[in-house]
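Accompanying notes for the structure given below.
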Number of protein chains: 2
Amino acid sequence: MAPYWYVSDKRELLDLVARKLLSEVELPEPDSAPWDERLRTVVTGIDARLHDHPGIAGVLLERMRSTDRRLMNGILEILLSAGFEGPKVFLSYAMIHTYLFGRYQVVELDTPDPSQVDPGDLEDALATLVPHLSGLRGRDFFNYGVDTIIEGLRAQLAAKKRPRRR
Amino acid sequence: MAPYWYVSDKRELLDLVARKLLSEVELPEPDSAPWDERLRTVVTGIDARLHDHPGIAGVLLERMRSTDRRLMNGILEILLSAGFEGPKVFLSYAMIHTYLFGRYQVVELDTPDPSQVDPGDLEDALATLVPHLSGLRGRDFFNYGVDTIIEGLRAQLAAKKRPRRR
DNA sequence: ACCTGAACACCGTTCAAGT
DNA sequence: ACCTGAACACCGTTCAAGT
């Protein structure tokens, strides 16, 4: 019961834990590398911390506010240095935030036992793809997701400078 | 208490609700439009449903399994038609899944009242950006996120065919 | 076969009482 | 100032009893 003297809520307690956890993540020096590499570095650092304490990801996903201010600033600055402006900086941040912390809410998809799946069902895309699933690890999902987001952001930057395609 | 006769768990009950909800989402005809447009259509359809019942998003985020099989297949087929192969199909699906359902876990970021933020703090990227935040709506986050993911996926497809850059 | 009501375990929170 | 223990409300689940 003692914590209740310091904190008014369980939520608030978890916020503190979350902040503490993220405060240990290092931010790369501003000019140490191009923006995409720096972004990958921070995001990987965060992910490493979450890996050890996956329960905390939920707290962070829910409330951007409880994200360590220093870290959030660090990411915003990387995005600014990439060339994002105004609202785009936030839109980009929110996307990264959602993916990064949302990941840990997804229970490592329990593979439907390949032998259980009816392989005759060719209509069923899932069934025919199941064999590929067993080789995938959490790391693969993370790397692919981060790659895709970075490429997507790069495209957004390019779109700003050229005539729209859409 | 009656539900407990049909279902062994609260979780299982919510799974059924989630499936029912997604079963109402329409899938575009396979050749009706290019893959990216079709993807945007499904994803927007899902989002519309979630918008009315945001509580369900959490269930879907947690367990890919409880996603309506028909819908998941529909998305996998769109990805296949885009040119993704083997594991990449899943990696791409997982990314979309995480973002789409994760979104609803993020409480609409409570803007730190602009007048509260110290504007003198120029070190603080967040503080200087706050003015841009007030104009942003949930729709904006969604559209930007989906755009970015689609562009990211397009880049992944292109990377497959050309020599690697990384 | 299906529903109801009472009971139980569990957990977040409060509060009075301790030191 | 800070901690402890008992009490309470709330919720998921069980189970015996109803129809």
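Every chain is numbered from 1 and lettered A, B, ... according to where its sequence line falls, protein lines coming before strand lines. Both backbone and side-chain heavy atoms feed into the values below; hydrogens, waters and symmetry mates do not.
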Using the side-chain heavy atoms of A:Ala2, tell me which of these nucleotides is nearest: C:dC2, D:dC3, C:dA6.
D:dC3
Of the listed nucleotides D:dC3, C:dT13, D:dG12, the one nearest the side chain of B:Lys10
D:dG12
Over 60° means perpendicular and under 30° means parallel, so tell me whether A:His97 and A:Tyr93 are parallel, tilted or perpendicular.
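Tilted, since the angle between the ring planes falls between 30° and 60°.
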Under a 4.5 Å cut-off applied to non-hydrogen side-chain atoms, are B:Leu39 and B:Ile96 in contact?
yes
Which one is paired to D:dC10, where only Watson-Crick or G-U wobble pairs with both distances under 3.5 angstrom count?
none
Pairing check on C:dT4: which nucleotide meets the Watson-Crick or G-U wobble criteria with it, both distances under 3.5 Å?
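Checking every strand shown, C:dT4 finds its partner in D:dA16, with both distances under 3.5 Å.
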Using modelled atom types and a 3.5 Å cut-off, is there a donor and acceptor pairing between side-chain atoms of B:Arg38 and backbone atoms of B:Ser32?
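No, because the side chain of B:Arg38 does not come within donor-acceptor range (under 3.5 Å) of the backbone of B:Ser32.
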Length of the line joining B:Trp5:CH2 and C:dT4:C1', which is rounded to integer Å:
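These atoms are roughly 15 Å apart.
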Can you check the B:Met1 CE to D:dA16 C1' distance for me, whole Å?
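Going from CE in B:Met1 over to C1' in D:dA16 covers 15 Å.
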Would you mind telling me which of B:Leu153, B:Leu80, B:Ile78, B:Ile149 makes a side-chain contact (heavy atoms from CB on, under 4.5 Å) with B:Ser92?
B:Leu153
Ignoring backbone atoms, test whether B:Tyr4 places a side-chain nitrogen or oxygen under 4.0 Å from the OP1 or OP2 oxygen of C:dC2.
no
